[in-house]
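One structure is given below, encoded as structure tokens.
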Amino acid sequence: MSVEQIQTEDLKAFEQRLSECVQHLRPYAWRWRIVLFVVAVSTFVSAGYWLLDEQTSQVSFLKSLYNHPIFALSCFILIVLFLAGVHRRVVAPAILTSRCKTILADFNMSCDDTGKLILKPRNL
């Protein structure tokens, strides 16, 4: 086998592995997107009810949260999700491909969002 054939096989193997990694992260990211969306919508809708309640301005903050447990719980869950790094999990495939693009730039290559390699022409 020639050196070019070996390099070609290595690039194909790398491309296949990168594509597998990106494809593996996509369902994972979609699940976290759905969780984040449901909690965010719950928070925004319950915040509307909390703000429109006439008693909210007449009672203490803690008492108003006690009167609106769905709002309090959804806010708490939203804060915990962001502290746990859900924003990174939602965009995990994009983070992986952007980091690979940074590394591959040194080798006159890039990759698309699915992990397919893009060979750039050599500068002469």
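Both backbone and side-chain heavy atoms feed into the values below; hydrogens, waters and symmetry mates do not.
Using a 4.5 Å cut-off between side-chain heavy atoms of Ile, Leu, Val, Met, Phe, Trp and Tyr, with links allowed through other members, L96 and L11 fall into the same hydrophobic cluster. A continuous path of Ile, Leu, Val, Met, Phe, Trp and Tyr side chains, each step under 4.5 Å between heavy atoms, connects V91 with W32, placing both in one hydrophobic cluster. Residues L117 and F107 share a hydrophobic cluster, clusters being chains of Ile/Leu/Val/Met/Phe/Trp/Tyr side chains in contact below 4.5 Å. In this structure, F44 is not a member of the same hydrophobic cluster as V80, with clusters built from ILVMFWY side-chain heavy atoms closer than 4.5 Å. Residues I77 and I34 do not share a hydrophobic cluster, clusters being chains of Ile/Leu/Val/Met/Phe/Trp/Tyr side chains in contact below 4.5 Å.
The list of side chain to side chain donor-acceptor pair (under 3.5 Å) pairs with a residue in residues 90-102, not counting sequence neighbours, is empty.
Below 30°, between 30° and 60°, or above 60°: for F71 and W50 the angle between ring planes is below 30°, a parallel geometry.
Considering only heavy atoms from C-beta on, D113 stays 4.5 Å or farther from P93 through its side chain. Using a 4.5 Å heavy-atom threshold, the side chains of C111 and K116 count as separate. Counting only heavy atoms from C-beta outward, the side chains of N108 and L119 never approach each other to under 4.5 Å. Contact check for Q55 versus N67: side-chain heavy atoms found under the 4.5 Å cut-off. A 4.5 Å side-chain heavy-atom check between S46 and H68 finds every atom pair outside the cut-off. Put simply, the side chain of F82 reaches to within 4.5 Å of the side chain of L78, judged on heavy atoms. Between F14 and L104, the closest side-chain pair of non-hydrogen atoms falls below 4.5 Å. L81 places none of its side-chain heavy atoms less than 4.5 Å from the side chain of R89.
With values rounded to the nearest 0.5 angstrom, I95 atom CD1 is found 9.5 Å from L25 atom CG. Between W30 atom CH2 and F37 atom CZ the span is 10.5 Å, to the nearest 0.5 Å. Put simply, CZ on F61 and CG on L65 are 4.0 Å apart, with the number rounded to the nearest 0.5 Å. I103 CD1 to S110 OG: the interatomic distance, rounded to the nearest 0.5 Å, is 12.0 Å.
Looking only at distances, a side-chain donor or acceptor of Q5 sits under 3.5 Å from a matching main-chain atom of S2.
At most 12 heavy atoms of other shown residues, nucleotides or ligands fall within 6.0 angstrom of atom CD1 in I70. The 12-atom threshold is exceeded at NE2 of H87, counting heavy atoms of other residues, nucleotides or ligands nearer than 6.0 Å. Other residues, nucleotides and ligands place more than 12 heavy atoms under 6.0 Å from the CD atom of Q58. Other residues, nucleotides and ligands place no more than 12 heavy atoms under 6.0 Å from the CZ atom of R17.
T43 approaches C75 most closely through the heavy-atom pair CG2-SG, 3.8 Å.
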Practice task
Start with the C-alpha distance between K12 and E15, add both sets of side-chain angles, then the distance that settles salt bridge (Lys or Arg N to Asp or Glu O under 4.0 Å), and finish with yes or no.
Solution key: CA-CA 5 Å; K12 286 180 182 178; E15 180 181 47; over 6 Å; no
Handout entry: Check against side chain to side chain contact (heavy atoms under 4.5 Å, CB included), D53 and S64
Key = CA-CA 9 Å; D53 186 10; S64 69; over 6 Å; no
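Here D112 pairs with T114 under the side chain to side chain donor-acceptor pair (under 3.5 Å) rule; sequence neighbours left out.
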